Amino acid sequence: MSRRFQLIAIFVLVGILGYFGLGNFVPPEHRGEESLWGDNSVRLGLDLRGGVHMVLSPDFDVALTNELENFRQTFDLELGDDGVDFSSRKPENEKIAFSIPEEPARANFEEVLESYENLTFLVSGNEVIFEMTEQWKEETKERAMVQALEVLRRRINDPATGIPESVITRQGEDRILVQVPGVSRIPPEFIKQTGFLEFKIVREVAPTEELLKAKYETGLPDGTDIALETDNETGNVLGAYLVNQEAAITGALLADARVQFDNQRSEWTVTFSWNQEGGRIFGELTERNIGTPLAIILDGVVYSAPTIRSRISRSGEITGNFSSEEATALAVILRAGSLPIPVNLEEERTIGPALGKDSIDAGVRAAIMGLILIVAFIFGYYRLSGGYASLALSLNLVLLMGLMSIFQATLTLPGIAGLVLTVGMAVDANVIIFERIREELRDGKSPRAAIASGFTKSRWTILDANITTLITAIILYEYGTGPIKGFAVTLSVGILTSVFAALVLTRLMFSLYPGNRNVESMSI
């Protein structure tokens, strides 16, 4: 590669990064779409931009109850397949009770029981009481926490919400931290609604729950339950439906959910489509039950119960007098999937942007002061060579901001600290190079030879020192959260631009002067 081509390539690269970097110094009110820079700027984190800060606590009691109920249903099936005569009750106080008659059913029951190692049990007469082991409880809680984090991330980061740069992470053992910059509120449905969607065939309908129960004086049929339809605004009961306890199909098999406006009824609706397995099950369900109402139940509440007119395999519709915001939130919730357990809001704060502006101003002043002091020292100590280093240091800041803009990195308050730290660290590489050059000059080499040798001998020293710091920054980014990641991003990018500025840009300036000139001395 010729020297001229190298110079052109470096100038082009610096020009491109400088273009994006300088856009961050344009006031936001002058950075509209019609301006030169448009929206190409570094994003600001919650502590600088303002936004919503929330702390949530998952309801682990529900997680344990659901786990026991799933076990009870599985255990019931296994006992039934083995011909064991028994009865069981729903979980209470993290325990399950099974009633087992006398022999031979008891022997068969104990034989099935031997395959379960994660249960403790107490035998009292004809009743066996099961309780979860501590290990099983911890595993259930951990699984519920991981699932809740993933669902909340999908909901809040869904493109339809228009909420970018959010932080949803674990805080301690039993809390979830949610930070969303640039917004004043998060739709409450995202947090409060578990989003468990069920489809159940309706067996009986009545205006109220009392009237429906009155039809069954001896109690509801086995395996059935009552689901209510209520008015979204008043909460009044609009209808009571007798449905099976077990859902015919759930929202776990949904492929997509979208918001639409029904012009004929002048209302917002949510349309959904099934994946391949869901389409097959839903098609068979609707084909067998033509002429029968199908209740669409979300979190135990009936949203609508349309009558099945024909086989439906791929899509459906949910109505419920939604507002535009409610319909959008419901579509997002259905796309993201249901929360495995409810979460409770422990803390909520709205952070204003005023503190962020003060922090940015203070950080910029610190960076400028640091830059001025370093430039004054290095210029006074290394003279013209120090001028080269000062120019490279200034370009380093522009390059750093340019890279962060291109990759749309988020700048946080610790990130500003990393920016100031980068200014201080960036001069180290130049000091190493200049001291090497001085050593070569003292050994009697010519300025051209001393410059070439100084850069060659200091290259690996500079790389070794910065690579170890870069590894530390990568570890911070991988295992840190929120502001810590912001610091790690700024530090990592700053290391890359600092090495580039010292080994490439400073070398470029020396290649311009003295370049190929046979000067007798140099200013260093």
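For clarity, every value in this text was computed on a predicted model and none was experimentally measured. Residue indices begin at 1 and follow the sequence shown.
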Look only at the side chain of Arg335 and the backbone of Ala257, and say whether a donor-acceptor pair between them is shorter than 3.5 Å. yes
Ala450 backbone acceptor or donor facing Ser453 side chain under 3.5 Å: no
Heavy-atom nearest pair, Ala327 first then Val259, reads O-CG2, 3.4 Å
Just how far is it from atom CG of Leu393 to atom OG of Ser498, taken to the nearest 0.5 Å? 7.5 Å
Check Arg143 with Glu138, please: is the shortest side-chain N to carboxylate O separation under 4.0 Å? no
What residues form a side chain to side chain donor-acceptor pair (under 3.5 Å) with Thr490, not counting sequence neighbours? none
Does anything in residues 249-262 pair up under salt bridge (charged side-chain N to carboxylate O under 4.0 Å, His left out), and if so which pairs, sequence neighbours excluded? Asp256-Arg258, Asp262-Arg265
For Tyr477 against Ala488, the heavy-atom pair lying closest together: N-CB, 3.6 Å
What's the spacing between Leu339 CG and Ile333 CD1 if we round to 0.5 Å? 8.5 Å
Where do Gln171 and Val55 come nearest, in terms of heavy atoms and distance? OE1-CG1, 3.6 Å
Do Leu391 and Leu505 touch side chain to side chain, with heavy atoms closer than 4.5 Å? no
How close do Leu384 and Ser523 get, heavy atom to heavy atom, and via which atoms? N-OG, 3.0 Å
Intermediate values then yes/no, side-chain contact (heavy atoms from CB on, under 4.5 Å), Ile378 and Val427: CA-CA 8 Å; Ile378 200 169; Val427 76; 3.3 Å; yes
I'd like to check the ring-ring contact (aromatic ring centres under 6.0 Å, His included) partners of Trp274; sequence neighbours left out, ordered by chain and number. Phe199, Phe272, Phe282
When you compare the side chain of Phe500 with that of Val14, does any pair of heavy atoms fall below 4.5 Å? yes
Mark yes or no for whether Arg153, through its side chain, and Ile156, through its backbone, hold a donor-acceptor pair below 3.5 Å. no
Under 4.5 Å between any side-chain heavy atoms of Ile176 and Thr169, yes or no? no
I would like to know whether Tyr388 and Tyr513 meet side-chain contact (heavy atoms from CB on, under 4.5 Å); could you show each step before the answer? CA-CA 10 Å; Tyr388 289 166; Tyr513 184 85; 3.5 Å; yes
To the nearest 0.5 Å, what is the distance between CD (Glu198) and CG (Asp299)? 9.0 Å
May I ask you to check whether Glu346 and Ser57 show a side-chain donor-acceptor distance below 3.5 Å? yes
ring-ring contact (aromatic ring centres under 6.0 Å, His included) contacts touching residues 421-447 (sequence neighbours left out): Tyr382-Phe434
Heavy-atom distance under 4.5 Å between the side chains of Leu197 and Leu334, does that happen here? yes
Side-chain contact test, heavy atoms from C-beta onward, threshold under 4.5 Å: evaluate it for Phe261 versus Glu267 and give yes or no. no
Are the side chain of Thr422 and the backbone of Gly494 linked by a donor-acceptor contact shorter than 3.5 Å? no
In Glu440, Glu435, Glu439, the residue satisfying salt bridge (charged side-chain N to carboxylate O under 4.0 Å, His left out) with Lys457 is Glu440
Partner residues of Ser394 under the side chain to side chain contact (heavy atoms under 4.5 Å, CB included) criterion, sequence neighbours left out: Leu371
Close side-chain approach of Ile462 to Ile433, heavy-atom, < 4.5 Å: yes
Val62 meets the side chain to side chain contact (heavy atoms under 4.5 Å, CB included) criterion, sequence neighbours left out, with Asp59, Asn66, Ile341, Pro342
Nearest 0.5 angstrom please: Thr461 OG1 to Arg459 CZ, how far? 11.0 Å
CE/Met54 to CD1/Ile168 distance, rounded to the nearest 0.5 angstrom? 8.5 Å
Are side-chain heavy atoms of Leu470 and Asn466 found at a separation under 4.5 Å? no
Flag the pair Lys137 and Glu67 as a salt bridge only when some basic side-chain nitrogen lies within less than 4.0 angstrom of an acidic carboxylate oxygen. no
Yes or no on side-chain contact (heavy atoms from CB on, under 4.5 Å) for Thr472 and Thr468, after CA distance, side-chain angles and deciding distance? CA-CA 6 Å; Thr472 303; Thr468 54; 5.8 Å; no
Cation-pi check for Tyr381 against Arg438: NZ or CZ below 6.0 Å from the six-membered ring centre and within 45 degrees of the axis, yes or no? yes
Please find the pair of heavy atoms, one from Phe455 and one from Ala502, that lie closest to each other, and give the distance. CE2-O, 3.6 Å
Does Asn275 reach the side chain of Leu254, with side-chain heavy atoms less than 4.5 Å apart? no
Which heavy atom of Pro340 sits nearest a heavy atom of Ala144, and at what distance? CG-O, 3.7 Å
Lys141 and Glu139 ion-paired at < 4.0 Å: no
What distance do Arg170 atom CZ and Leu149 atom CG have between them, rounded to the nearest 0.5 Å? 7.0 Å
So, Thr506 versus Asn430: side-chain donor-acceptor pair below 3.5 Å or not? yes
